[in-house]
2 protein chains.
Amino acid sequence: MQSAANPPIRSARAREIVAAGRELLEAEGPAGLSMRRIADRLGIRAPSLYKHVRDKGELEAALISDGFLEAAERFEAAGSLTALGEAYRGFALAHPHLYRLMFQGPLPRERLVPGAEQRAAAPVIAAVGGDPDRARAVFAFAHGMVVLELDDRFPPGADLDAAWARGLSSLAP
Amino acid sequence: MQSAANPPIRSARAREIVAAGRELLEAEGPAGLSMRRIADRLGIRAPSLYKHVRDKGELEAALISDGFLEAAERFEAAGSLTALGEAYRGFALAHPHLYRLMFQGPLPRERLVPGAEQRAAAPVIAAVGGDPDRARAVFAFAHGMVVLELDDRFPPGADLDAAWARGLSSLAP
DNA sequence: GTCTATACCCGGATAGAC
DNA sequence: GTCTATCCGGGTATAGAC
């Protein structure tokens, strides 16, 4: 829940700041996502950002919320567990730095758009027939596959399509 | 392979530095693992460390190699896929920051003790009967479960034992 | 709403004296 | 082998003028 002390980002300028942050994050990774770099990109000075955004955490929360809602759209369009796996992997590979911001490290749930996280999770639960244990196992498998691929932890020749197929067919209800 | 330009850490003082780094990492996480903090703990100044260790990366590589060898010992003692899952989760929960250093982000393979990574991986491959696709799926599942648990990504009431059981029984050969 | 100036942290790493 | 002095970089955030 968002309190009056945590107003969501609404002003046009604030949205521009979030957009600049998104571009920097996607292009350069977390190191590019600094208040100074965002200000540079907008042609202003870093302290000016604080007239529009409370702190960096608010900005990250906005990026994460946007990410969950975008991912949810892709996940909802998938008609099978296999298609959902492809959508999941596709989202992560298309937006690796955003994916990490969304799924690695602590999640600032109080600052997110309400329901965004749940909307992204729902298609996974539905795809396994509603069993929460199975849904968690599938989520863990997909997340593990994606982060290990992003971090180059599999051997060079590894057939990741085959590993995905093996995992999802085993975990399907 | 390690070249003469990448000599492994051998001197007694260097091992003390690595030990101090290990203690700081485990106690305070990656933020505690700085050259200044390590020097403080040893009662010397940070620049003195560089007489014993080439740079921070060499130190991290030593920590990672130690971690793989310790994990390998635990994994080798497991007699079934279920026991291996317990050993894996147990290691990660006992050493969360070391686990992340070992398994998150790029792995400096050229600086590791040769064979350490492979020794930790071998029991997983053996436990699934040698099928590499299945081994990768199990690895991804286990890694996903562990990092999601460490990052508190599962709902408060989630039965993680059940999710582990569901995943491993599905993925078993 | 933007600016300058500044405060406060932190980090890795090197040179050269002893 | 340790020291001091120093260099470089980075970051978030605030105060107060315009």
Side-chain angles (χ1 to χ4, degrees), chain A residues 5-64 97 100-101 104-106 108 110-111, chain B residues 5-64 97-98 100-101 104-108 110-111:
Chain A
N6 268 336
I9 283 176
R10 292 205 197 291
S11 79
R13 197 65 169 134
R15 291 302 323 180
E16 286 176 23
I17 292 169
V18 173
R22 171 77 174 258
E23 289 168 7
L24 281 165
L25 174 66
E26 302 239 29
E28 306 180 23
L33 188 62
S34 82
M35 299 306 268
R36 296 193 215 258
R37 300 277 281 104
I38 292 171
D40 284 350
R41 171 163 287 238
L42 294 173
I44 63 177
R45 304 294 171 175
S48 306
L49 298 174
Y50 291 88
K51 296 289 185 186
H52 307 280
V53 163
R54 174 178 291 267
D55 56 22
K56 197 189 177 189
E58 181 175 279
L59 209 151
E60 291 176 336
L63 290 169
I64 293 170
H97 299 299
R100 283 198 233 260
L101 184 65
Q104 309 222 81
E110 337 71 40
R111 310 189 92 175
Chain B
N6 268 336
I9 284 177
R10 291 205 198 290
S11 79
R13 196 67 168 134
R15 290 301 326 178
E16 286 176 22
I17 291 169
V18 173
R22 171 78 175 257
E23 289 168 7
L24 282 164
L25 174 66
E26 302 237 31
E28 306 180 22
L33 188 62
S34 80
M35 300 304 270
R36 297 194 214 258
R37 300 276 282 105
I38 292 171
D40 284 351
R41 172 163 286 239
L42 294 174
I44 62 177
R45 304 292 172 177
S48 305
L49 297 174
Y50 293 87
K51 296 290 183 183
H52 307 280
V53 163
R54 175 176 293 267
D55 56 22
K56 196 189 176 187
E58 180 175 280
L59 209 149
E60 290 175 338
L63 290 169
I64 293 170
H97 300 298
L98 178 61
R100 282 198 235 261
L101 184 66
Q104 309 223 71
L107 185 65
E110 337 72 39
R111 309 189 90 175

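In this text the structure is predicted, and so the values were computed from the model without any measurement. So you know, we letter chains A, B, ... as the sequences are listed, proteins then strands, and number each from 1.
- Atom P of nucleotide D:dT2 and atom CG of B:L49 are separated by 9 Å, given to the nearest angstrom.
- Nearest nucleotide to the A:R45 side chain, out of C:dG11, C:dT4, D:dA5: C:dT4.
- Between B:I44 and B:K51, the closest side-chain pair of non-hydrogen atoms is not below 4.5 Å.
- Among the protein residues, B:K51 comes within range of the nucleic acid bases, having at least one heavy atom under 4.0 Å from a base atom.
- Across all strands, A:S34 comes closer than 4.0 Å only to sugar-phosphate atoms, never to a base (heavy-atom distances).
- As rounded to whole Å, 17 Å separates atom P of C:dG12 from atom CZ of B:R54.
- What separates CG of A:L42 from C1' of C:dT2 is a distance of 13 Å, to the nearest Å.
- As a whole-Å value, the separation of A:K56 NZ from C:dC10 C1' is 14 Å.
- Nearest to the side-chain atoms of A:M35 among the listed nucleotides D:dA5, C:dG11, D:dT12 stands D:dT12.
- B:Y50 has its OH atom 15 Å from the P atom of D:dT2, to the nearest Å.
- Separating the CZ atom of B:R37 from the P atom of C:dC10 is a distance of 10 Å, rounded to the nearest angstrom.
- Following rounding to the nearest Å, B:I38 (CD1) and C:dA13 (P) show an atom-to-atom distance of 11 Å.
- Side-chain atoms of B:L33 and B:L63, non-hydrogen and from C-beta on, do get closer than 4.5 Å to each other.
- Following rounding to the nearest Å, B:R36 (CZ) and D:dT4 (C1') show an atom-to-atom distance of 13 Å.
- Contact check for A:I38 versus A:R41: no side-chain heavy atoms found under the 4.5 Å cut-off.
- Picking from D:dT14, C:dT2, C:dA15 the nucleotide with the shortest atom distance to the side chain of A:P47 gives D:dT14.
- A heavy-atom distance below 4.5 Å is not found between the side chains of A:L25 and A:R22.
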